[in-house]
Amino acid sequence: QMVESGGGLVQAGGSLRLSCVASRSFFSLYRIDWYRQAPGKQRELVATIAAGGDTIYGDFVQGRFTISRDNAKNTAYLQMNSLKPEDTAVYYCKAPVTDWGPGTRVTVSS
């Protein structure tokens, strides 16, 4: 299981750093995905970081977010800058071998 944290309420243009900790030592073997689900919308992929460190971002990120990982800490991060109200959502992280965690809520006020 992955456990997300770091969400909160922020004004538009602000920043947040989300963290995602794995409970087991499989972490370094797999890619980690960050997803988000806004109210009334489908869950969408925000960013992916491969086991080797290659990254992919959703088109809507437009250079504002950075995904990273620290295998020694079994932790992945999502640094989010220049936040917009449309970034408001519950953010989840997931590895291919894990279930969905509780997520962390991000609210961006205008």
Side-chain angles (χ1 to χ4, degrees):
Q1 175 117 359
M2 313 285 278
V3 179
E4 305 91 346
S5 64
L9 174 63
V10 64
Q11 288 188 332
S15 299
L16 284 173
R17 188 175 83 153
L18 307 184
S19 299
C20 166
V21 180
S23 58
R24 290 158 48 196
S25 59
F26 64 84
F27 183 85
S28 64
L29 301 177
Y30 296 99
R31 80 172 192 272
I32 303 297
D33 302 323
W34 279 100
Y35 287 84
R36 70 184 187 184
Q37 187 166 20
K41 296 187 177 181
Q42 289 189 331
R43 194 168 294 177
E44 62 182 347
L45 181 64
V46 178
T48 293
I49 185 165
D54 290 343
T55 58
I56 298 172
Y57 295 92
D59 290 343
F60 59 86
V61 171
Q62 297 178 331
R64 300 180 297 128
F65 299 173
T66 302
I67 189 172
S68 61
R69 64 191 299 159
D70 184 340
N71 290 337
K73 297 181 178 179
N74 291 343
T75 302
Y77 303 96
L78 185 68
Q79 176 68 43
M80 304 190 297
N81 300 326
S82 301
L83 283 162
K84 305 175 182 180
E86 51 263 45
D87 294 318
T88 294
V90 179
Y91 285 71
Y92 304 86
C93 68
K94 192 177 184 304
V97 295
T98 66
D99 295 327
W100 293 102
T104 186
R105 184 174 301 276
V106 172
T107 303
V108 185
S109 63
S110 57

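In this structure, K73 places its NZ atom where only 12 or fewer heavy-atom neighbours from other residues, nucleotides or ligands lie under 6.0 Å away. Within 6.0 Å of CD1 in I56 there are 12 or fewer heavy atoms belonging to other residues, nucleotides or ligands.
Each disulfide bond (SG atoms under 2.5 Å apart) pair with one or both residues in residues 19-99, not counting sequence neighbours, appears once here: C20-C93.
By the rule that hydrophobic residues join a cluster once side-chain heavy atoms approach within less than 4.5 Å of another member, V3 and Y30 end up as members of separate clusters. W100 and V90 fall within a single hydrophobic cluster, where Ile, Leu, Val, Met, Phe, Trp and Tyr side chains are chained together by heavy-atom contacts under 4.5 Å. Neither F27 nor V21 shares a network with the other; the hydrophobic side chains, linked directly or stepwise wherever heavy atoms of I, L, V, M, F, W or Y lie under 4.5 Å apart, form separate groups for each. A single hydrophobic cluster is seen to contain both V97 and I32, as judged by linkage of ILVMFWY side chains at heavy-atom distances under 4.5 Å, directly or through other members. Transitive grouping of hydrophobic side chains (ILVMFWY, heavy atoms separated by less than 4.5 Å) brings Y91 and I49 into a common cluster.
R17 forms a cation-pi arrangement with Y77, by the criterion of a distance under 6.0 Å to the ring centre and an angle within 45° of the ring axis. Geometric assessment of R36 against the ring of Y92 yields a negative cation-pi assignment under the 6.0 Å and 45° thresholds.
In this structure, R31 and P96 have side chains that are in contact, with non-hydrogen atoms separated by less than 4.5 Å. Residues S19 and E4 have side chains not in contact (no heavy-atom distance under 4.5 Å, counting atoms from C-beta outward). When side chains are defined from C-beta on, L16 counts as touching L83, because their heavy atoms get closer than 4.5 Å.
In this structure, Y57 contributes its side chain and I67 its backbone to a donor-acceptor pair below 3.5 Å. At least one donor-acceptor pair under 3.5 Å links the side chain of T88 to the backbone N or O of V108. Of the possible donor and acceptor atoms, none in the side chain of S110 sits under 3.5 Å from a partner among the backbone N and O of P85.
Judged as a side chain to side chain donor-acceptor pair (under 3.5 Å), and not counting sequence neighbours, N74 has no contacts.
The structure places OG1 of T66 at 8.0 Å from CG of L78, a figure rounded to the nearest 0.5 Å. If you take CD on Q79 and OG on S15, they are separated by 5.5 Å, rounding to the nearest 0.5 Å. The line from CZ of R105 to CG of L9 is 11.5 Å long, rounded to the nearest 0.5 Å. Note that the CG atom of D99 and the CD atom of Q1 stand 6.5 Å from one another [nearest 0.5 Å]. We find the OH-NZ distance between Y35 and K94 to be 7.0 Å, quoted to the nearest 0.5 Å.
In plain terms, the two heavy atoms of R69 and S28 that are nearest each other are NH2-CA, 3.8 Å.
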Check against side-chain hydrogen bond (donor to acceptor under 3.5 Å, both in side chains), D33 and T48: CA-CA 4 Å; D33 302 323; T48 293; 2.7 Å; yes
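Aromatic rings of F65 and W34 (six-membered ring for Trp) have centroids beyond the 6.0 Å cut-off, not under it.
Salt-bridge annotation for R64 and D87: present, with a side-chain N of the basic residue lying under 4.0 Å from a carboxylate O of the acidic one.
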